[in-house]
Amino acid sequence: NAGVMQNPRHLVRRRGQEARLRCSPMKGHSHVYWYRQLPEEGLKFMVYLQKENIIDESGMPKERFSAEFPKEGPSILRIQQVVRGDSAAYFCASSPGTGQNQPQHFGDGTRLSIL
Amino acid sequence: RKEVEQDPGPFNVPEGATVAFNCTYSNSASQSFFWYRQDCRKEPKLLMSVYSSGNEDGRFTAQLNRASQYISLLIRDSKLSDSATYLCVVPRRGDKIIFGKGTRLHILP
């Protein structure tokens, strides 16, 4: 029973390039969340998606960042024209559904480094 | 009051001791709460859920005080492997949850 799968584990990009981070939720989970964590800081919510819908993107920067969760395939967090400040760990989490009693389960994260 | 607030620590505690830390929250409508632990450079892992007055799992006890709007985590007979950052999580509306910044715990040999 695989957990939340994220890839790649580590991603290195040069300034101006694009970064694509992938997340496959746990089996049976239809809700996906993306978080960013800077070194020595807490988790910051970015976006919450269900299949083919963005439910809450209040934590997502208005420019260069986008997220999707297509009907088929993993959720993708896309960062265009990356800058040094985008270097962080990006975690994906999933949950089975609505309700406050549903904890989120996290993937191993993608460590993004911008040269 | 911030939505979720935790003492960042670090708490330096000798092995075998008991340690407790709190997390205060502002949304009185929150019904359930979670404690996660996060090891350095790893993903957060669910430690305990707190739905009513409290929950106990081995050496770990989580308690909820609705009147004062805080939850606590108590660790008895602490082990070196308990060293981590403990994150308090409070659901907001819908499925959005708010993470505290975490409390760092160092268990000393």
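In what follows, chains are A, B, ... by sequence order, proteins preceding strands, each numbered from 1.
Heavy atoms of A:Gln6 lying under 4.5 Å from chain B are absent altogether. Using a 4.5 Å cut-off between heavy atoms, A:Phe91 touches chain B through its side chain atoms alone.
Inspection of the B:Thr85 and B:Tyr36 side chains reveals no N or O donor paired with an N or O acceptor under 3.5 Å. Counting only N and O atoms by type, the side chains of B:Arg104 and B:Ser83 include no donor and acceptor under 3.5 Å apart. Checking A:Glu63 against A:Gln80 by side-chain atom types alone, no donor-acceptor pair falls below 3.5 Å.
In terms of heavy-atom pairs under 4.5 Å with chain A, the best-connected choice from B:Pro44, B:Gly102, B:Cys40 is B:Pro44. Taking A:Gly42, A:Gly109, A:Gly107 one by one and counting their heavy-atom pairs under 4.5 Å with chain B, the maximum is reached by A:Gly107. For the set B:Gln38, B:Glu43, B:Lys101, B:Lys45, the entry with the most heavy-atom pairs within less than 4.5 Å of chain A is B:Glu43.
Residue A:Val47 is not grouped with residue A:Tyr35 when hydrophobic side chains (ILVMFWY) are merged at heavy-atom distances under 4.5 angstrom, including chains of intermediate members.
How far OG of A:Ser94 is from NZ of A:Lys27: 13.5 Å, rounded to the nearest 0.5 Å.
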